[in-house]
Structure formats: C-alpha cells, structure tokens
Amino acid sequence: MSFYVSVISYVGIYGILAMSFTLVHGTAGMFTVAHAAFFGIGAYGTALLTPLLGPGFVPVGIVAGSLLAAAFAAIIGLAALRERGQYLMLVTFSVQIIFSVAALNLPFTGGDNGIGGIAPLGIGGLTAKHPIAAMVVVLALVVAIYFLLRYIERSSLGRLLRAIREDEYAAEALGADVFAAKMFAFVASAGLAGFAGAVFAHHASYINPVSFSFEVAILIVTISVLGGQYSLLGAIVGALVVVWLPYVIDFLGIESVKVSAITQLIYGLVLIFVLFIRPSGMVPEQLRGFHPPAQPGAER
Amino acid sequence: MAQAASAMEAASSGISLIGVAKSFGGVAAVRDCTAEIPFGCITGIVGPNGAGKSTVFNLICGFVAPDAGRIVYRGENIAGLSPPQVFRRGIARSFQGVRTLRNLSVLENLLLGATAAKALSRVWLPFVTRKADEAAVPKAWQLLDELGLTEAANRLAGSLSYAEQKLLAIGRLMMADVDMVLLDEPLGGLDPNGIDGFIARIHSLVERGRTVCVVEHNLNAVRRMTDRVIFMADGTVQASGTTGEVLAREDLARLYLGVTAAKGSHP
Ligand SMILES: Nc1ncnc2c1ncn2[C@@H]1O[C@H](COP(=O)(O)OP(=O)(O)OP(=O)(O)O)[C@@H](O)[C@H]1O
Ligand SMILES: [Mg+2]
C-alpha cells in the first residue's frame, strides 16, 4: 500500500519536472538537456540549507532551492540565449556533465553517498511524515503548478512563446523582445525543475547524484515526448506511464542490476516509436478555440 | 499612436535615411543611402535583385545594424536599435517570405500582432493581461472578416494557401499599434487574380492611418499603389520622386531590366 502511495508521489514530482520541461521546450521551443541538473540543484540546495535553518523551515528551503536553480539558469541563459540555433543544447549538455561531476566531488555534497536525513515535507510544526500525507501535499502542488502554467500558456505570453518556437524573426518583427521572453521561459522552467527537485529531496529524505544524472535528463525527455511534448496534461500523463516502468520490470522478478539497463532500452524504443508514429505524443497540443463575437459567451 | 499623423508631421517627416551603409563581408549591400519615407503617402522601393531593398528594411527595423549613417524617425536616430525598440517607436515590417506561425491558429497569428510587444511585461499582472488579451479578440474577428478568413479562424495557419498566408502577414501588421508599415514584396508569388484584392488590403492599411512603404517587383502594381518611388540599384538610391516621374525614366528601366536579366532571381 505505502509502496503505491510513494510511487504516486513520484509520478507527481516527475510530473512537475516534466511540466517545467514542457514550458521551455514544448512551448518555447528551446531544447535543453540540463533539466536533471536543475532538478538536482534544487534538491541539494534545500538539503544543505534546511538543516541550517532548523526544523519547520522546509518551505523556505524549497523556495531557496528553486531560486538557486533559477539563478544558475539565468547565468547560463545570459551566456547562451543570445545565440540562435543549437547552441543552447550544447551548453546545457556541458552543464549537465559539470553538475554530475560537481555533485560527486564537491566537499559538501556527500559524493556517492549523497545526503541523508533530510526533513520531511511540512511547514512549521506540521509535517507530512505519513506517506499518504506526503502524497496529498505533492498532488496539491502538482495541481497548483498545472494551473499556474496553464495561465501562462493561455496568456498572450504563452502565445508569444509558441510564436518564438515557430519563427523568432516573425515574433521579433511584431515587437517581441525575443531574448527576454526566452530568458523568462528558460529561468522559470529551471526554477520549477529546481522546485520539483527540492520537493523530491524532502519526500525521499535521502538524495545522491544518481537521481540527477544524465539518465534522468533522458527520462525527462521520454516522459515529455511520450505524454505529449506540447501539452501540460501530456507531461503528467507521461509521468504516470513512465515512472511505473522500473517498478513493473522489478516486479517481473528481473535481476535488479539489469533493471536500469532494460528500463533505458525501453525508454529509447518508446522515444523512437512515438517520434515516428505520433510526434504529438499521447496528449496533443490543444489549441484554444475562439467563438465569433456575435455568439453569446464569447469564448470557450 | 496609430491614429493618422498630424498634418504637420505628414508634410515634414517620416523616416529619413542619411548616408546609411552596410557591408556583409566584402559585399556592400547598401552604401551611402540617403532617402525619405514621408508620412501620409505610399512609398515604393523598386530596383533589381540584390539592389539592397530588403537590407534597407532590415536596417530601419533593427535586424541589421548600419556600418555608417543615421536613420532618423520623429527626431530620433533609431539606427542600431533592436527590432522591438524600433517596433515600440511605431515601425513594423513584413518579410519577403510569409513567415507564418504555422502551428498557431489563424486568429492567434492576428492576436500576436496586437499583443506580442507587451506580453512579457504584463504577465505578472494576470488581471491586466486577461483584459488586454480579450480586448484584441473582437478586433481580430473583424479583421478576419475583412480578409475573408473567418471560416479559417481556428485552423492552423500552416494549413492556409500561400495567398492566404500572405494576407495573414498583412493582417498581423494591421493589428499592430504602429504608424509606419514596411512591406517586403507583399505581392510576390501571387497570381494576377489575387493582386487586386491585395492592393485593396494595402489601401485599408492606409485607411487605418498607417503610412505604408512597399518593396515590390511588380511595377504595374507599384504604379497603381504608390505615390512616390525610391529607385535603388547597387546598394544605393539612383532616383526618387513621384511614381509617374521615376517609372517613366528609360535609363532606370534599362538599369532595372539589365541587372535583373544578368543576375537572375535572388531569394
Ligand atoms: N544577411 C546577409 N548576409 C550576407 N549578405 C547579405 C545579407 N543580406 C543581404 N546580403 C547581400 O546584400 C545584397 C543586397 O541584398 P538585398 O536582399 O537587400 O537585396 P534586394 O534588393 O532585397 O533583392 P531582391 O529583390 O532579390 O529581394 C545582396 O548581394 C545580398 O546577397
Ligand atoms: Mg529583397
């Protein structure tokens, strides 16, 4: 029972992570491979900070972890987003590698062993120690973030980001500050990935570099592409399908050393299959339909 | 801002290019270019392929920074500003290709004309954003009706025919809150039947108080649309004046045909 509960929580956490990727990639069209690193920066950020703040300050740690990820993204964005084309992918690829090396070797990250004993989710005297309570907190955060991102996607800014995805010169000619809009999408998305990482740290109570490796970067892309890379709902559906996979393989009684390899193989096949058969994934981009003004209730 | 420029301004100003130059590597795309695009009339820019016409638009709108010279608009040197900065001062342009936002709906393409410039600064104020976004919608519907694209409103813009996409590109500029509209070959690739409708659309831009400047190879259409013509060749202005005057000059006609025939077409 508590096993299922914790898997549902992970679906929620990876759902948030995948939605953050939808914002930067599906909506704004920027392919970044550093989202596992931003996820990790948020996790390590709060894991290192909350013990200094004392119990009851978990939300502060989570916000700080998110802001730290956003700050790193801002620096990377300033350096990489002025260039057009594939530059960002190369830069974020390096960032992901550097992060993994840093997480293993910095004096305060605990190397291979990572950091344990992280305070559970909670605020002040209230802690969600029970798995069901933790799951409820995570799912509430998923809903809140879904609606926040939906507001952005449906606003003129979301439309502008999609315009930039389609043709940045056209967007620029219509008066858009393309660099600023890209910075917004990149930094907000990284901050959100950091947020997911911080929640992950408090939920798991233990983190190590494996959770933020390049394989996780691939996992994020897999979730997004399978679920629907242009859709927020798709990100959640993708997480729902993908997060179960290793547990299912494990359940089949396959040797645990092989589980990771088999999982990676299946991710790869799924990616290829979806991209060829149905690039929009399980949930396609939903265009907002408009009713002509003559009809009552102007829009749906 | 988009209201008709005052009579004083109409008589006295617009965009002035003064000694503007731009080279790409060894190619002098534009050199010592001095020209006026006055408010209140339609100016045509004509000339053979590679004359530097599109580069002039790129220079004015900030897509390319000049090596030398000044571009004065409303008393300010706008040379070297970024495209959004130029847009905010009231100048918008279309491209030689259609640059349709293919995976956005037709209506959304139009809405962007009205909202793209302010979308980012407003997003922090959800209420203001919603109001401003909604305000653009009826305007877009009205424009769709005028362009004959009502049926296609919620379809992907990429599914439109080429001619419809060219209309949409002009529609986006009609939505924009600017005074000056620069059109780069709006009639290019259209069949003769479509052209009349297009010229009507360009005139409806003027009716909306916009000053229009158009680069166009179809001289017949230029004769019908424009009041003034700037003739460019080899990156510089060879002549300018009223349309009748400039297009009647045989030396220019020979220059046009000669260079066009020699160089062939150019994207
Ligand atoms: N971004 C660029 N990089 C390099 N060369 C360029 C660039 N833009 C223009 N040129 C060159 O500058 C010259 C003028 O080009 P431009 O596109 O302004 O001509 P045009 O008058 O618009 O021609 P057309 O009628 O064929 O559109 C050409 O020789 C072109 O190859
Ligand atoms: Mg041109």
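Here is how names work: the chains are called A, B, and so on, in the same order as the sequence lines, proteins then strands, and each is numbered from 1. Please read these numbers as outputs of a predicted model, since none were measured by experiment.
Contact record, B/Phe95 with A/Ala173: CE1-CB, 3.5 Å, taken as the closest heavy-atom pair. Residues A/Phe290 and B/Trp141 approach most closely at O-CZ2, 3.4 Å, considering heavy atoms. Residues A/Ala181 and B/Leu120 come closest through the heavy atom pair N-CD2, 3.7 Å. Nearest heavy-atom pair, B/Val123 versus A/Ser155, reported as atom, atom and distance to 0.1 Å: CG2-OG, 4.1 Å. Of all heavy-atom pairs spanning B/Ala116 and A/Leu160, the tightest one is O-CD2, 3.7 Å. Across all non-hydrogen atoms, the minimal contact from A/Ala170 to B/Arg99 is CB-O, 3.7 Å.
Surrounding CD1 of A/Ile123 are at most 12 heavy atoms belonging to other residues, nucleotides or ligands under 6.0 Å away. Atom NZ of B/Lys118 has 12 or fewer heavy atoms from other residues, nucleotides or ligands within 6.0 Å. Atom CD of B/Glu76 is surrounded by more than 12 heavy atoms from other residues, nucleotides or ligands within 6.0 Å. Summarising the local packing, CZ of A/Phe31 is surrounded by more than 12 heavy atoms from other residues, nucleotides or ligands at distances under 6.0 Å. A 6.0 Å sphere centred on CZ of B/Phe24 holds more than 12 heavy atoms belonging to other residues, nucleotides or ligands. By the neighbour-count criterion of 12 heavy atoms within 6.0 Å, atom OH of B/Tyr73 is densely surrounded, having more than that number from other residues, nucleotides or ligands. For B/Gln142, the CD atom is loosely surrounded, since the number of other residues' heavy atoms within 6.0 Å does not exceed 12. Residue-environment remark: CZ (A/Phe57) stays at or below the threshold of 12 foreign heavy atoms within 6.0 Å.
With hydrogens and angles ignored, the 3.5 Å screen pairs no side-chain donor or acceptor of B/Asn154 with any backbone N or O of A/Gly289.
With a threshold of 4.5 angstrom between heavy atoms, A/Tyr169 approaches chain B through its backbone and through its side chain.
Between the OG atom in B/Ser82 and the CG atom in A/Asp177 there is a gap of 6.5 Å [rounded to 0.5 Å]. Rounding to the nearest 0.5 angstrom, the gap separating the CG atom in B/Leu110 from the CG atom in A/Leu174 is 10.5 Å.
Top candidate by heavy-atom pairs under 4.5 Å with chain A, chosen from B/Cys61, B/Ala92, B/Gly62, B/Pro126, is B/Pro126. Note on B/Val86, B/Thr129, B/Leu111, B/Ile91: by heavy-atom pairs under 4.5 Å with chain A, the leading option is B/Leu111.
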(Q) Before you tell me yes or no, could you show the steps for B/Leu156 and A/Leu287 under side chain to side chain contact (heavy atoms under 4.5 Å, CB included), namely the whole-Å CA-CA distance, both residues' side-chain angles and the distance that decides it to 0.1 Å? (A) CA-CA 9 Å; B/Leu156 290 183; A/Leu287 275 191; 3.3 Å; yes
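Of residues 101-108 of chain B, those residues lying under 4.5 Å from chain A by any heavy-atom pair are B/Leu101, B/Arg102, B/Asn103, B/Leu104, B/Ser105, B/Leu107, B/Glu108.
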